[in-house]
Each structure stands twice: as structure tokens, then as C-alpha cells.
Amino acid sequence: MQDKDWALLESLASGASEHKSPEYWLKRSSEVIATSTQSRDLYPVMDHSRGQGSRVYDLEGNEYLDVTSGVAVRALGVRYPPLVEFERQIAHVVEELPGQDFDHIPQVLLAEKLIGITPGEFDKQVFFTTSGARAVETAVKSAMDNTQRTRFVAFRPAFHGRTGYALSLTASKGAHRERFPSALPVIRAPYPYSYRRPRGLSPDEYAALCVDQVEDAIEREGADVAGIVVEPITGEGGMIPSPASFLPRLRAIADRYGAWLIVDEVQSGLGRTGKWWAFEHYGVTPDVVCTAKALGGGWPMGATIGRGPMFTRGSRHSETFSAEPRQALISLFVLTEIERKGYIQNAARMGEVLSKGLRELEEKHDCVGEARGLGLMQGIEIVESKQSRKASPARRDAILKAAIHGERLMLLGAGENTIRLLPPLNVTEEEVRDALARLDRAIAAASRAS
Ligand code: PLP
């Protein structure tokens with residue numbers, strides 16, 4: 001390595017390299033980083049060397065209040081001091097012992113912990129992955145292997161990831177799917193999107209209608225269903241919590257047809273909604289639960305917790321990087337810390353403050369059609385007016401811009417016209433109120449500009 005490369009590495013390790021402008025890095029990013037989900041007119045180039053709790057920084061040194069948790073990844077906030085310290089303590093632990101080839105204690109303890117927090121009076125096993133989509137792939141393969149069937153029920157909108165089987169189940173935006181063929185036979189049914197329900201129906205009546213469509217489709221398209229895959233509350237699809245009766249009725253259908261109920265908790269799980277799992281709000285017990293994001297403590301990590309035995313024989317599924325010892329310890333730390341510090345209870349309490357504040361914004365601003373969510377997984381749907389209910393992606397984007405550029409509030413979009421808030425589980429009331437005030441001002445600024 002040349003001296004100048006080494007000097008750059010050292011400067012990057014200790015702080016963002018100041019010798020080039022933010023515009024330079026923005027340009028180089030657009031040239032060398034493949035197009036994915038970036039919105040470069042919205043998000044600045046971030047400073048990787050700074051950040052604490054709910055605060056992140058851009059290269060110009062601007063501080064942002066972050067209510068995205070890195071899309072629900074950093075459940076404990078940025079550089080959570082006890083985790084930073086724990087990572088230092090375990091620096092000597094071997095980082096790579098392929099967990100699916102070699103047994104080791106950390107992954108067994110982590111599996112036990114995940115099984116322990118997952119309801120269901122039946123034998124469970126855990127398969128470790130490195131992403132949410134892979135956790136869904138695992139669930140699908142486990143269901144196919146066990147039921148000897150290949151057909152799945154999935155919903156619209158739904159987001160389960162962008163690889164193979166997971167993408168086949170996803171139906172959120174056309175761009176995700178166009179010209180990528182489905183790898184599975186999928187029966188698609190409408191998700192009970194209450195805000196958009198037909199006039200005259202209650203949310204539960206509409207949920208019943210959606211479930212009737214599932215049953216009708218199963219009867220007409222084929223009852224050889226391996227699994228019903230569902231998010232208890234959609235994330236990318238628009239932050240839509242399912243009505244009370246939906247999951248229980250899906251559970252009944254799954255039982256009737258001998259299919260598995262597979263719940264995707266990649267975004268909603270691990271305390272975010274005020275319970276370990278969002279499905280616990282609905283009193284159902286799924287056969288399989290998919291998790292990722294928060295589980296890794298900031299590192300790539302996912303898991304599928306399923307009916308054991310998850311596979312009928314060896315080599316049906318594997319991943320080189322899975323629950324490496326150091327990663328397993330970090331994940332175990334995250335779960336233990338969430339429990340020990342009462343962060344699930346905090347998520348429930350702060351979720352109420354956030355939800356109440358967002359409902360006030362709904363009352364105050366004509367362009368906020370609906371505020372909705374569970375715990376610290378909340379969203380507001382932006383419309384042209386309350387009366388028309390017409391989706392307004394342009395207004396949503398203008399609000400995001402006003403929030404991020406004007407108010408330094410880091411937010412995310414979801415679906416076509418929803419704004420998504422996913423603060424860390426240890427967020428304080430002051431931070432929630434600050435975020436609400438900034439969002440209020442951003443909505444007002446975007447309305448004035450339109
Ligand atoms: N499932 C849900 C509900 C998600 O929200 C996501 C990602 O946002 C995924 C699956 C895919 O996870 P990953 O991006 O880690 O593959």
C-alpha cells in the first residue's frame with residue numbers, strides 16, 4: 001500500500017477526510033456506487049466518524065435528529081456506549097467460525113434467547129442469516145421442505161426483500177419487480193389498508209373482505225399452500241397496521257389448509273412496537289418468525305425462528321456468514337440490553353407520545369390524511385386534501401426535503417406517499433417532542449411553498 005493510501009485510511013479512521021468537498025463525494029458516489037434506493041437530492045453525504053444516540057452528522061458538520069434508526073437497524077441509537085464498550089471487550093473473540101458448519105456456544109445461546117422470546121408451545125429452531133430478505137428466503141424454504149408444497153399467499157402492499165423468493169412475495173413498488181420474474185407461485189391478496197377501504201365498511205369488515213379473498217383465491221388457484229407470508233404492520237408498504245381480526249383469521253385459514261403462518265418481523269420486531277413481536281398485539285402464534293435489522297446491533301444479521309425441525313435433512317439451506325461468534329455475542333447483548341433496560345416499555349410509552357403528536361398533526365394539517373402505527377413504528381400519509389384523500393407523493397417529498405434540509409430531521413419515506421418514523425427504542429420524550437415540532441414546521445413550510 002502506498003504511503004498516501006495509508007494516510008487516507010488513517011484520516012478516514014479518525015474522521016471524515018476533510019480535504020475534499022461534500023460535492024466531490026456526492027459526485028463520486030453517483031459515479032461509482034450502483035444505483036439503488038439513494039435519494040441524493042434528499043440525503044447529504046454523511047460523516048461516518050460522528051454520531052451519538054439520535055444524532056447523526058453530515059460532512060459539513062450539520063447535526064440531524066435521526067428518527068429513522070438507519071431503517072430500524074440501530075435500535076439502541078448510534079454508538080450506544082454500553083455496546084461500544086462490549087464490542088471492545090469481545091475484540092479477542094474469533095470473528096469467523098462458519099456457524100452452520102461448526103457448533104459454538106454463542107450461537108446456541110442466541111438461538112435459545114430468540115426461542116425464549118418467541119411465543120408458541122411447540123419445538124422451535126433458529127436459522128441464522130445475514131439479512132432480512134435471507135431470513136424470508138429461509139422461512140419459504142423451510143415451509144416448502146416441510147409441507148412438500150410450493151404455493152404461497154402474500155399481500156399487496158407487502159415488502160419482504162429484493163432477492164429471489166423474498167422478491168416474489170414483495171409487492172410494494174413496480175420498480176422492485178418489473179422484468180424480474182417470480183420464483184414462486186404466489187396467490188396475491190389485498191392487505192387491509194384501512195385508510196383506503198371501500199366506503200361504508202369498518203376496518204374489521206374490510207379486513208374480513210380481504211381474508212375472504214384469500215380463501216376464495218386458495219379455493220380457485222390451488223389449496224396446496226405451503227405458507228401465508230405477512231407483515232403484522234407494513235413497513236416499506238406504507239406503515240399500515242393490520243386491523244385486529246386480520247392475523248387471527250389468517251391463522252385460522254392456515255390451519256384449515258395445512259399451511260404455515262409466516263410472519264415477517266424484519267422491521268417491526270424486537271421491541272419496536274412495544275412488544276417483542278408486533279404479532280403479539282394480535283394474539284396469534286405464527287409457525288415462523290423472520291427477523292433482522294435491529295438484531296445485528298448495526299451489523300448484518302438476521303434470523304428465522306421456525307417450527308423444528310426446520311429442514312428435513314442436511315444441506316437444504318446454508319449461508320457462509322451466519323451467527324459468527326462475535327456477531328452472536330453482539331446480538332445477544334442487544335436482546336439482553338433491550339430487556340434489562342426496559343426499552344420495550346420505553347418504546348410503548350414513547351410510541352404513545354409519538355402517535356398522539358402525529359394525530360395532532362393530522363388534525364392540524366389538511367395534507368396529513370392519516371397518522372397510524374404501532375409503538376415506535378409510525379407514519380403519516382400525505383394527501384392533496386383530507387376531503388379528496390388523493391395521494392400526494394410530490395407533497396410528501398417536499399415535506400421530507402423541508403424536514404431534512406430545513407429542520408435537520410432525518411426521516412424516511414414509505415410507500416408512495418407516506419412519511420415513516422422509526423426512532424430508536426431508547427429515544428427520550430424530549431427527542432420525540434422535538435421531532436414532532438420539527439415535522440410540524442416542515443409540513444407548514446412545504447404547504448406554504450406549494
Ligand atoms: N422484510 C421487511 C418487512 C423489511 O422491512 C425489509 C427491509 O426493509 C426486508 C424484509 C428486507 O431486509 P434486508 O434489506 O435486510 O434484506
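All ligand and atom numbering here is 1-based and tracks the order in the structure. Quick caveat, the model's predicted, so the values are computed rather than measured.
- Contacts of ligand 1 (protein heavy-atom distance under 4.0 Å) are S131, G132, A133, F159, H160, G161, E231, D264, V266, Q267, K293.
- Counting heavy atoms from C-beta outward, R134 and P300 have side chains that stay 4.5 Å or more apart.
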Is there a ring pair (Phe, Tyr, Trp, His ring centres under 6.0 Å) between H176 and F159 once you walk through the steps? CA-CA 10 Å; H176 299 156; F159 188 85; 5.4 Å; yes

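- The side-chain contact (heavy atoms from CB on, under 4.5 Å) search around Y193 returns Y195, R196, I240, R372, E381, not counting sequence neighbours.
- A244 pairs by the side-chain contact (heavy atoms from CB on, under 4.5 Å) definition with D204, not counting sequence neighbours.
- Side-chain contact between V73 and M301 is absent, with no heavy-atom pair separated by less than 4.5 Å.
- P82 meets the side-chain contact (heavy atoms from CB on, under 4.5 Å) test with Y80, F333, E337, K341; sequence neighbours excluded.
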